[in-house]
Amino acid sequence: EAAGAVGILRPEGSVTALLEAIRDRQNYHHGKAQWVPQRALESLAAVGVPRGSLPELAFLLDRREDPDLQRATVSALDRLSGGSDRVPADLTERIRHWKTQLASIRKDAL
């Protein structure tokens, strides 16, 4: 509930707290995300994330054992970027697209 409330209330430090919730190993069981990372992604999409912080979500795209989390990640990235007609419909292609985009953002930040 807290992850959802953060997306509504948008307190100071919410992006950092949501990213920490996504990274917290306690929110995963047998390689699959429990509900917290998905809710945190929804809240991030509502709050907004500075472009330079988007690459922090890249590790979620590699979680092949958890396609539901991959879908939630791609959906959040689509919303955070304002969506695009150029984003492929197939999940595998969308993941590849976002890995390329996030690598480009990371490279620009260097």
Side-chain angles (χ1 to χ4, degrees):
E1 290 182 27
V6 169
I8 295 167
L9 301 174
R10 302 175 184 193
E12 186 175 328
S14 58
V15 171
T16 301
L18 291 167
L19 289 171
E20 286 176 12
I22 290 168
R23 287 189 296 264
D24 189 341
R25 290 179 180 229
Q26 292 182 8
N27 293 322
Y28 298 85
H29 184 68
H30 294 295
K32 292 197 175 193
Q34 301 306 301
W35 60 274
V36 173
Q38 291 91 329
R39 290 295 300 253
L41 284 167
E42 290 172 17
S43 290
L44 278 175
V47 170
V49 177
R51 186 173 190 271
S53 295
L54 288 177
E56 293 186 48
L57 300 174
F59 80 98
L60 297 173
L61 297 172
D62 292 327
R63 299 185 67 87
R64 291 187 192 116
E65 70 280 359
D66 197 349
D68 291 336
L69 181 61
Q70 287 179 313
R71 272 189 218 71
T73 303
V74 168
S75 177
L77 288 167
D78 288 346
R79 286 180 58 198
L80 286 162
S81 71
S84 172
D85 294 336
R86 295 175 286 154
V87 177
D90 176 68
L91 180 61
T92 302
E93 290 300 316
R94 290 175 78 196
I95 290 169
R96 190 179 343 243
H97 165 82
W98 276 112
K99 283 184 176 184
T100 302
Q101 295 299 311
L102 297 175
S104 174
I105 293 169
R106 186 176 289 133
K107 189 176 177 181
D108 290 346
L110 296 177

ILVMFWY network linking Leu57 to Ile105, side-chain heavy atoms under 4.5 angstrom
yes
Side chain of Arg71, backbone of Pro67: donor and acceptor closer than 3.5 Å?
yes
Nearest 0.5 Å please: distance from the CZ atom of Arg23 over to the CG atom of Leu18.
10.5 Å
Tell me the closest heavy-atom pair linking Thr73 and Leu41, and the distance in Å.
OG1-CD1, 3.5 Å
Asp62 versus Ile95: any side-chain heavy-atom pair under 4.5 Å?
no
For Ile22 and Ala40, the nearest pair of non-hydrogen atoms, with its separation, is CG1-CB, 3.6 Å
Hydrophobic cluster identity match, Val74 and Phe59, side-chain contacts under 4.5 Å
yes
Give, for atom CG of Asp90 and atom NE2 of His97, the distance between the pair rounded to the nearest 0.5 Å.
13.0 Å
Nearest non-hydrogen partners of Leu80 and Gly48, listed with the distance
CD2-CA, 3.7 Å
Do Leu44 and Val36 share a hydrophobic cluster (ILVMFWY, side-chain heavy atoms under 4.5 Å, transitive)?
no
Pro37 side chain near Leu60 side chain, heavy-atom distance below 4.5 Å:
no
Answer yes or no: are there more than 12 heavy-atom neighbours, outside Glu65 itself, under 6.0 Å from its atom CD?
yes
The single option from Arg106, Gln101, Lys99 that satisfies side chain to side chain contact (heavy atoms under 4.5 Å, CB included) with Pro55 is Arg106
Taking C-beta and beyond as the side chain, do Leu102 and Leu77 meet within less than 4.5 Å on heavy atoms?
yes
Check for a donor-acceptor pair, side chain of Arg63 on one end and backbone N or O of Gln70 on the other, with a separation under 3.5 Å.
no
Is a donor on one side and an acceptor on the other found under 3.5 Å between the side chain of Asp66 and the backbone of Ala33?
yes
